[in-house]
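Contents: one structure, followed by commentary.
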Amino acid sequence: MTVLKTSLRNFLAHKGRMALSAVAVLLSVAFVSGTLVFSDTMNTTFDKLFASTAADVTVKPASPKEGEGRPRTGRPEALPASLVEKVRAAEGARAVQGGVITTAVTVVNSRDENVGPTSGAPTMAGNWSADDLRSFEIASGREPRGPGDVVVDETTAEKNHLRIGDELRTISVTGDFTAKISGIAAFKVTNPGATVVWYDTATAQRELLGKEGLFTHITVDAAPGVSDDTLKKRIAANVGSGYELRTAAESADAGREDIGSFLDVMKYALLGFAGIAFLVGIFLIVNTFSMLVAQRTREIGLMRAIGSSRRQINRSVLVEALLLGVVGSVAGVAAGVGLAVGLMKIMSSMGMELSTEDLTVAWTTPVAGLALGVFVTLLAAFVPARRAAKISPMAALRDAGTPADAKAGRVRAVLGLLLTAVGGGALWLASRSDESGPGSMFLGLGIVLSLLGFVVVGPLLAGGVVRVLGALVLRVFGPIGRMAERNALRNPRRTGATGAALMIGLALVACLSVVGSSMVASATEELDRTVGTDFIIETTNGQPIVPQAEAAVTKTAGLDHVTRYKAVEATVTDPRGKAVKNGVVAADPTYAGDLRRDTTAGTLSDAYGPDAMSVGTTYAAEHHVKIGDTLTVAFTGGKQTKLRVAAITSDDNNIDKGAMYTSIETAEKYVSADRMPSLIVFAAAEDGRVDAAYTALKKALKPYPQYKVSNQADYKKTLQDQVGQLLNMVYGLLALAIIVAVLGVVNTLALSVVERTREIGLMRAIGLSRRQLRRMIRLESVVIALFGALLGLGLGMAWGAAAQQLLALEGLRVLDIPWPTILGVFAGSALVGLLAALIPAFRAGRLNVLTAIATD
């Protein structure tokens with residue numbers, strides 16, 4: 001009880017000094033708790049959606065076999081309408097509805113603007129039936145009654161300012177058709193962001209499936225007293241094989257599985273960044289308790305002199321850490337709920353609607369937050385607590401601070417250098433690896449060991465690096481700069497730990513910057529080397545290019561040729577009988593010029609001849625295939641045939657790596673044309689008409705906003721923007737770790753000012769002005785921040801360079817160091833150090849000289 005009272009008294013007496021450490025714990029726990037609440041809320045939203053839309057039993061076309069995906073035809077698989085009667089005949093089937101639903105559509109308004117989401121959520125079109133009343137209700141207007149009617153969901157109507165009577169055009173592979181809004185339907189549960197439109201059944205069948213008499217699914221409600229499983233078995237007996245039947249629970253589980261991978265990636269990515277923040281927070285807490293122990297050396301010595309045991313001293317410090325962890329974690333859990341709401345607002349602004357009505361705080365969230373926050377705090381305080389317990393009564397009464405352990409310093413230096421050397425060696429092995437698997441292992445090992453090595457050897461590096469930085473940055477400020485340099489060198493262990501906290505975040509920033517910049521440079525180099533076409537027309541929503549848009553491209557004036565690019569799944573069997581599932585690219589012969597591919601044997605243009613094809617060098621080597629060999633190709637959804645190998649293309653590239661080519665004319669002899677829509681269309685302009693053709697293409701495709709026309713400059717910019725957006729998002733998440741590191745700098749300086757109170761008073765007494773004192777503390781902060789930045793940026797560039805060399809196996813051949821970013825971050829670190837010192841410098845300047853001198 002005495003230990004607890006003493007710890008509580010010390011904690012309250014130094015609560016100001018503990019505040020920033022508590023904020024670090026709070027931020028880290030808030031990130032973990034917020035991520036858990038956010039992901040649980042998303043799960044709740046989708047669970048409610050799946051539960052409200054799932055019928056007791058649903059009948060669908062059979063799923064493709066394992067390893068075979070559904071071909072991207074733009075047309076969903078369908079069931080014959082006659083199957084409805086077989087289902088209805090099953091005992092216990094109370095209500096049976098045939099349904100049509102497809103996501104391979106684009107809906108535009110009268111100004112040819114896409115009214116669907118741009119966030120990745122789908123646009124769904126189908127028929128309105130009584131089954132839709134499970135999850136929707138007509139908020140205004142009426143249901144569709146004929147080919148000229150369409151109902152749209154309320155969220156989409158509000159976002160696009162749609163009203164009853166407005167005209168919408170729906171684009172699918174079967175053609176375009178228009179209808180006027182007859183009604184607006186509201187979700188009974190939260191709409192995560194999808195756009196939904198409904199037509200009458202006959203229109204939906206004809207326009208979305210190509211003809212009447214087809215459904216994509218059949219929903220069945222069970223009669224009272226009949227379980228879903230029982231009804232499923234009875235329906236299966238009636239309809240026979242070739243169909244997939246799911247109960248409501250199975251449909252909900254399938255929906256969760258489909259969305260689960262996306263949610264898990266987001267969840268674990270956010271938790272990863274929270275882990276980085278926790279790691280940085282450990283340095284802050286270690287520094288805080290180390291400095292508090294040093295400042296209370298006399299006090300601890302007195303406690304030892306009057307009978308306190310080492311265990312009691314150790315326990316006293318750990319109890320203070322426990323109190324810090326509990327306070328910070330409790331506040332962090334509460335802040336995490338607010339953070340989750342903020343993330344929901346951000347996602348809503350991006351198109352994924354999440355309602356606070358679904359806010360879910362599971363009991364595991366506060367437990368995990370508290371446990372993690374307390375554990376990390378106790379772990380960080382363990383070493384300072386042990387150091388406090390080792391203080392002898394006489395040494396404490398003689399000295400105002402803890403004596404340095406020279407032996408421990410030497411051991412630390414040797415261990416740090418050893419870890420750094422082994423980590424550097426692993427990075428070198430990763431950069432020289434010929435296989436991505438072992439190389440990835442070496443890369444991960446190198447990153448971890450080199451990071452640990454720099455953390456451990458930080459105090460040893462601090463002496464030399466700070467002196468160099470002092471000579472370059474601080475000496476221009478005269479004696480004040482030299483005093484700031486000496487203050488930073490006074491305790492290398494403290495400077496090293498403070499700089500290490502900033503080093504971790506900036507090392508990740510530098511590494512990702514190098515990899516991202518190298519990705520863009522490599523892709524740009526490969527585009528310049530291999531792409532010979534002028535224009536690329538591709539989809540922005542993942543759907544194939546519809547025939548009417550393809551026709552619009554073909555009719556555009558000023559084009560020399562248009563190349564269609566299609567893909568079909570097939571099973572390819574070599575002359576020895578070994579079969580593999582592989583995609584076959586069917587393209588027009590002009591593709592040989594639009595994408596320049598080197599061949600190791602044969603001529604690529606010959607592969608576009610009748611019943612001919614090409615293979616990649618990897619396939620040819622593994623299957624012992626040579627020019628003139630005949631391969632058996634069984635097209636998925638089509639016929640089997642034999643094709644002659646007319647060319648072997650080099651796989652020393654990233655675009656279409658490993659592709660097998662054949663002509664569209666050949667493929668269409670064995671696969672129905674409607675099962676092979678174009679995925680991309682390439683176009684080349686006539687000589688001297690590039691600009692005119694570019695303008696004409698954009699105009700021709702204006703009615704089809706789901707497609708984007710790009711010249712090579714546009715394509716490169718799009719790639720650069722995509723990588724830039726991803727990096728900016730990562731930088732935003734890493735900002736939390738950097739904020740915690742900045743708090744560490746502030747805390748170190750604040751506690752350092754307290755530690756040097758008497759010294760500051762003496763300097764003021766002999767003539768140091770307040771302005772000079774504040775400048776000295778600011779410069780000390782700047783040099784510590786630059787020390788951390790220099791280590792972090794150097795380490796991160798080494799990681800990035802090793803990663804690029806490993807990724808060169810996948811085509812990332814160009815190493816590009818983004819020097820403007822690196823130098824900008826380094827300069828920004830000086831600004832961060834300057835801002836971090838404002839409050840400690842202000843407080844130091846306000847110290848009363850006589851009171852400071854009298855401080856013991």
Which is it for Leu773 and Ile760 under the side-chain contact (heavy atoms from CB on, under 4.5 Å) test, yes or no, and what are the steps along the way? CA-CA 8 Å; Leu773 174 62; Ile760 289 171; 3.6 Å; yes
Quick check for you: to the nearest 0.5 Å, what is the distance between [X] atom [atom1] and [Y] atom [atom2]?
X	Y	atom1	atom2	result
Leu418	Leu452	CG	CG	11.5 Å
Leu786	Leu502	CG	CG	9.5 Å
Arg311	Leu318	CZ	CG	12.0 Å
Leu339	Phe38	CG	CZ	9.5 Å
Leu469	Ile784	CG	CD1	11.0 Å
Met729	Gln725	CE	CD	9.5 Å

Do [X] and [Y] have side chains that get closer than 4.5 Å, going by heavy atoms?
X	Y	answer
Arg770	Arg846	no
Leu743	Leu27	yes
Glu485	Arg475	yes
Gln804	Val515	no
Val29	Phe278	yes
Asn491	Thr495	no
Val746	Pro840	yes
Val730	Phe273	yes

Check against salt bridge (charged side-chain N to carboxylate O under 4.0 Å, His left out), Arg315 and Glu320: CA-CA 9 Å; Arg315 198 183 307 161; Glu320 289 182 52; over 6 Å; no
More than 12 heavy atoms of other residues, nucleotides or ligands under 6.0 Å from [atom1] of [X]: yes or no?
X	atom1	answer
Phe382	CZ	no
Arg490	CZ	yes
Leu823	CG	yes

Looking only at non-hydrogen atoms, find the nearest pair between [X] and [Y] and report the distance.
X	Y	result
Leu419	Gly453	CB-CA, 3.6 Å
Val520	Gln720	CG2-CA, 4.0 Å
Gly423	Leu449	CA-CB, 3.7 Å
Pro384	Val286	CG-O, 3.8 Å
Ser33	Gly336	CB-CA, 4.1 Å
Val740	Ala277	CG1-O, 4.2 Å

So does [Y] get a backbone contact from the side chain of [X], meaning a donor-acceptor N/O pair under 3.5 Å?
X	Y	value
Ser431	Gln805	no
Ser28	Ala24	yes
Arg843	Ile839	no
Ser450	Ile447	yes
Thr377	Gly373	yes

Could you give me the CA-CA distance, side-chain angles and deciding distance for Leu322 and Val374, then say whether side-chain contact (heavy atoms from CB on, under 4.5 Å) is met? CA-CA 6 Å; Leu322 176 65; Val374 169; 3.5 Å; yes
In chain order, what residues pass the side chain to side chain donor-acceptor pair (under 3.5 Å) check against Thr498, with sequence neighbours excluded?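 Side chain to side chain donor-acceptor pair (under 3.5 Å) check on Thr498 returns Asn287, Thr748.
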Residues two or more places apart in sequence or in another chain: which of them pass side chain to side chain donor-acceptor pair (under 3.5 Å) with Arg494?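 With neighbours one apart ignored, the set is Glu755.
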With side-chain hydrogen bond (donor to acceptor under 3.5 Å, both in side chains) as the test, would you mind laying out the steps for Tyr731 and Ser513 before giving the verdict? CA-CA 10 Å; Tyr731 295 159; Ser513 296; 2.4 Å; yes
Stepwise, does the side-chain contact (heavy atoms from CB on, under 4.5 Å) test hold for Leu790 with Met503? CA-CA 8 Å; Leu790 194 63; Met503 175 189 75; over 6 Å; no
Out of the candidates Gln772, Arg778, Arg774, only one should pair with Ile480 under the side chain to side chain contact (heavy atoms under 4.5 Å, CB included) rule; please name it.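 Single side chain to side chain contact (heavy atoms under 4.5 Å, CB included) partner of Ile480 among Gln772, Arg778, Arg774: Gln772.
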Can you tell me which residue pairs pass the side-chain hydrogen bond (donor to acceptor under 3.5 Å, both in side chains) test with a partner in residues 322-344, sequence neighbours excluded?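 Of all non-adjacent pairs touching residues 322-344, none passes side-chain hydrogen bond (donor to acceptor under 3.5 Å, both in side chains).
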Applying side-chain contact (heavy atoms from CB on, under 4.5 Å), run through Leu815 and Ile817 and close with a yes or a no. CA-CA 7 Å; Leu815 174 63; Ile817 305 294; 4.2 Å; yes
Any salt bridge linking Arg486 with Glu780? Criterion: basic side-chain nitrogen under 4.0 Å from a carboxylate oxygen.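 No salt bridge links Arg486 with Glu780.
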